[in-house]
Protein chains: 2
Amino acid sequence: MNVHDKSLTAPKVTTGALPASKKVHSAPEGRPHIAVPLREIALSDPDQPFFHAYDTSGPYTDETAEIDVEKGLPRARQAWIEARGGVERYEGRDVKPEDNGNVTGDRLARDFPNKEKPLRGTGDKPLTQMECARAGIITDEMVYIAHRENLGRQQMLERAEAALADGESFGAAIPPFITPEFVRDEVARGRAVIPANINHPELEPMIIGRNFLTKVNANIGNSAVTSSVEEEVEKMVWATRWGADTVMDLSTGRNIHNTREWILRNSPVPIGTVPIYQALEKVGGDPVKLDWEVYKDTLIEQCEQGVDYFTIHAGVRLAYVPMTAKRMTGIVSRGGSIMAKWCLAGHKESFLYERFDEICDIMRQYDVTFSLGDGLRPGSIYDANDEAQFAELETLGELTRVAWDKGCQVMIEGPGHVPMHKIKVNVEKQLEACGEAPFYTLGPLTTDIAPGYDHITSAIGAAMIGWFGTAMLCYVTPKEHLGLPNRDDVKEGVIAYKIAAHAADLAKGHPAAQLRDDALSKSRFEFRWEDQFNLGLDPDTAREYHDETLPKEAHKVAHFCSMCGPKFCSMEITQQVRDYAAKLNAPVGDAREKGMEEMSEKFREMGEKLYVKP
Amino acid sequence: MNVHDKSLTAPKVTTGALPASKKVHSAPEGRPHIAVPLREIALSDPDQPFFHAYDTSGPYTDETAEIDVEKGLPRARQAWIEARGGVERYEGRDVKPEDNGNVTGDRLARDFPNKEKPLRGTGDKPLTQMECARAGIITDEMVYIAHRENLGRQQMLERAEAALADGESFGAAIPPFITPEFVRDEVARGRAVIPANINHPELEPMIIGRNFLTKVNANIGNSAVTSSVEEEVEKMVWATRWGADTVMDLSTGRNIHNTREWILRNSPVPIGTVPIYQALEKVGGDPVKLDWEVYKDTLIEQCEQGVDYFTIHAGVRLAYVPMTAKRMTGIVSRGGSIMAKWCLAGHKESFLYERFDEICDIMRQYDVTFSLGDGLRPGSIYDANDEAQFAELETLGELTRVAWDKGCQVMIEGPGHVPMHKIKVNVEKQLEACGEAPFYTLGPLTTDIAPGYDHITSAIGAAMIGWFGTAMLCYVTPKEHLGLPNRDDVKEGVIAYKIAAHAADLAKGHPAAQLRDDALSKSRFEFRWEDQFNLGLDPDTAREYHDETLPKEAHKVAHFCSMCGPKFCSMEITQQVRDYAAKLNAPVGDAREKGMEEMSEKFREMGEKLYVKP
């Protein structure tokens, strides 16, 4: 869709299953109305005909689903929310010209056509997931999440291979099995959040907390310089296809309201925003003109649309601003810079800090989760872990307690640019200052010297900080510091961060994390090339790389790999070792023994073929 | 060059300087004949008109150098070696048909045309760098290396900013300044190696040790399935252009001898090989047919050609082989598999282990460094840190002491596939078992689930293991497990590993490592886009990404970036914070104060422009 094109056709998005995959649904025992999606990957392994993977991609990868971007996704959560009660539907705020940057005519993107009136809390019942949790109520979202997070755990327990989970969790309390009650307890304590605005019933519930799977966020959003509504909707769908657990819409240009509406109505994952960006647009881009009224109006606008979490930089206090003066790169957070400029202009305390109670009261009515922004995060290795950064963190801890008292869910944003030896203390200080509220970090980048590769400089830091206890990792794309990510950059960023998050889960000792590594490695050992591709995070790229060297279909079942060539294969020799060890009666009495014997068979049958030239 | 093309033209290689860079040479005080190469990057920063970077790329990036691949590189070290004495030139071994896989006629690649007779030690004087070091001799190589490694340290000491180096080195002893005597002492103790065969006088000396800059190795090499001599020579030049400190030629196909000769004569970096690969080719690819004679003949062949280090899998003992039977992926090291098969075939102890003394005597004569191979390294997360892996490591420690007694230099190869929480113990055990001999690891990959992205899964592990004390990181390319890397994959792998090595140096507290991060971040803050690109590891890619969003030349001096657009810029606000802090007389009394004031000026002059649309 081109924003200049009046005869608007619906945004085109990517649909269809991933290779060898199909969408299946699983219901918790006794809760048939709760359908948790899984990606079932078909394998050619007789011992394991399929593998179930956690699936963030929504109906777009469901061959049986009918996708109509004009209608938006099914509103599955609506019944749950209404059944809980304590909500009312009302005439929402009218869309104002400034919501879309005062653009008109051809320049105004069409709004989403099928909008509902918004819901809000009436205040007479527990409304937020945290209020429900504290009241001892296990919400449908909590049941859904427990079932979703348990993927593979049952299998581990049956196999009694929980011994595999020999990680170092640094004080996290990851249970062998997740019950709805455990979810409720973690949310009640504030150790986990379920970002789920009552006006975003399309989302598939997920949880962010140190005792659950490490999550990944992908940022999208247009700017005054570039990109259109259609591109942004597709970026959201594309990011979730590759595994993004949440998406932040950081749009700053025109058509910001309508772009967000299209994204929300079609998003299966929680959507986060930074409301101050839109508020700034409403006052013509001049931070000095910001005030509480325009900010409050923006909060309500976005609450009614269904945004699930807000980044709010309420920790940037006037007194901390001068602490950044000695920095190499000053204040690099956009929200932090806006608030710093506002504070300086009138030499006043931040209105976000002073109005924090009122902000809580608004967000509580819709169960919008706080993501307390680190406006003073370091923008370079030189500035890491400095006075300004940690002063703000203390204030974020103070605000966390205020929000909790108001019944609001809270997570805390973290850096940024941090060398490896300074990463761990960031988690330790955050857990201590913020009462174990979930940590949500951007990278961190472990060096500044590789523009164009910051998905890698930061995947290193992200994997480590995830291991140490960060609950969600905000991705960084190869375009960081250079430009806005396109579709390819979004995929590169998401894959790099799925790697970091999974490496973190392995190291933390997540009971079921290693199942996928084991399945993939077994397929690699057994030359099941297609299974190896399909079990990977990106089957398309793996297959393409393999085919560059060995394009023939025949090679996908070849008992050699291009690294060694047909005359010699270390995998084949390994098989002989196993035959030898078996003769020695070496102990091979586990699940793999059978597979090994089958392999010996295969190798004997195919023996000669090993020496045939391709 | 096409191996089928009789009328052979010389391999074409990439030449020319990197953007805004030129090759300069620096001589240690009082040693004018020692010219250490540096890459001088021109900057537009009045405070810092240029930046000097460590340069592995040899004469190929020197605009003033004349490159003739037919002649090979200048043999600068020859005079040093002859001056030390204790060497003799002799009639080397004749090239045999089996050295090139018995190919003839059109299929035989032409040999390098300008060969010299080989040198060998006479035994009457210290020959290896280790023997010289123990005898108290500071070789020219040591002087060269001290000067090369000191890059930036002088500057740090002058700035008295050594406080910056606040890393955690886990017991490494990194000095603020490197003297030739320190290099000698580290080599004498076996804590560092200088891979430098007396028959490879073309190389620019470098050192591998935990108290020096973390190094990166790039693997190249053809196989029976793919690639030609020309491609391999270009891959070597290409890998060093992007920062590879050493290159391993893992060729396994035909023309293996001639390919290696072209590489060696044109390589400015040490070249490593795995001699058993060629030995296996000589016996038709059947490990069972291997014996000491063919292996010994191969060692001498490669010693005479000038290979600088050999991977030798002498730690794969018969008794350890059955320990791998229970593994998920068995023995994945090609050399390890070859030796395992050989041991099993005759139920015999490894001839590499039993003949280790004789191997030392041969390698000592040419000062070829040992890289004791980890033939039993884990090939999957499941197999990490198992009995077989650590049993072999103990044997590598035993062999290290044997080699040291013979005067040979030694490094130790390490894994592989290791989840984050199991990485550190690998370094601790290696340092303990092998008397602090330099550790040289492949990755490790921190998860198995991302074929096509193993440069990233492994860059995470490489950065961490480098921080913990690994001296050299063997790169992994995106093609790992899928195929042989092409030129693009080689670059991807090298850049990912330069990131990991640099992140490790920062975290270890290398005194000068942060200079480059600081220079780049300062250019980023000051909107010196060209400087930001040119200071990065890959200026071409950074520029290309930037231009996708903001192509106009004008934007390279624009005081905003595409992330925020022209109406708002956090960098500009930062400047106002500094002006404010200056008014408050906040302490800004350091080197950056001047730069800040200049920036304030610039911003005042350009103030209005900040609000102009692009």
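Every chain is numbered from 1 and lettered A, B, ... according to where its sequence line falls, protein lines coming before strand lines.
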**Request:** Take A:Phe525 and B:Val332 through the side-chain contact (heavy atoms from CB on, under 4.5 Å) test and state the conclusion after the steps.
**Result:** CA-CA 9 Å; A:Phe525 171 73; B:Val332 296; over 6 Å; no
Just so I understand: if I count every heavy-atom pair under 4.5 Å between each of [options] and chain A, which residue has the most?
options                                : answer
B:Cys343, B:Pro451, B:Gly379           : B:Pro451
B:Ala500, B:Gly336, B:Ala462, B:Ala507 : B:Ala507
B:Ala340, B:Pro478, B:Gly461           : B:Pro478
B:Pro419, B:Ala519, B:Ala503           : B:Ala503

Does any backbone or side-chain atom of [X] lie under 4.5 Å from a heavy atom of chain B? Answer side chain, backbone, both or neither.
X        : result
A:Pro539 : neither
A:Leu520 : side chain
A:Asn486 : side chain
A:Met464 : both
A:Ile449 : both

**Request:** Say whether, by atom type as modelled, one donor and one acceptor occur between the side chain of B:Asp517 and the main chain of A:Thr447 under 3.5 angstrom.
**Result:** no
Starting at [atom1] of [X], measure out to [atom2] of [Y] and round the result to the nearest 0.5 Å.
X        : Y        : atom1 : atom2 : value
A:Met420 : B:Lys508 : CE    : NZ    : 10.0 Å
A:Lys498 : B:Thr457 : NZ    : OG1   : 15.5 Å
B:His481 : A:Gln532 : NE2   : CD    : 7.5 Å
B:Ile460 : A:Trp467 : CD1   : CH2   : 12.0 Å

[X] to [Y] - nearest heavy-atom pair and separation:
X        : Y        : answer
A:Ser521 : B:Met328 : CB-CG, 3.9 Å
B:Leu537 : A:Ala450 : CD1-CB, 4.1 Å
A:Leu506 : B:His421 : O-CE1, 3.6 Å

**Message:** At a heavy-atom distance under 4.5 Å, which candidate from A:His502, A:Glu544, A:Met323 has the highest pair count against chain B?
**Reply:** A:His502
Could you look at [X] and say if it's the side chain, the backbone, both or neither that has a heavy atom under 4.5 Å from chain A?
X        : result
B:Pro485 : neither
B:Ile381 : both
B:Glu492 : side chain

**Asked** Are any of the side-chain heavy atoms of B:Glu548 and A:Leu482 separated by less than 4.5 Å?
**Response** no
**Request:** Report yes if some heavy atom in the side chain of B:Ile456 is under 4.5 Å from a heavy atom in the side chain of A:His455; otherwise report no.
**Result:** yes
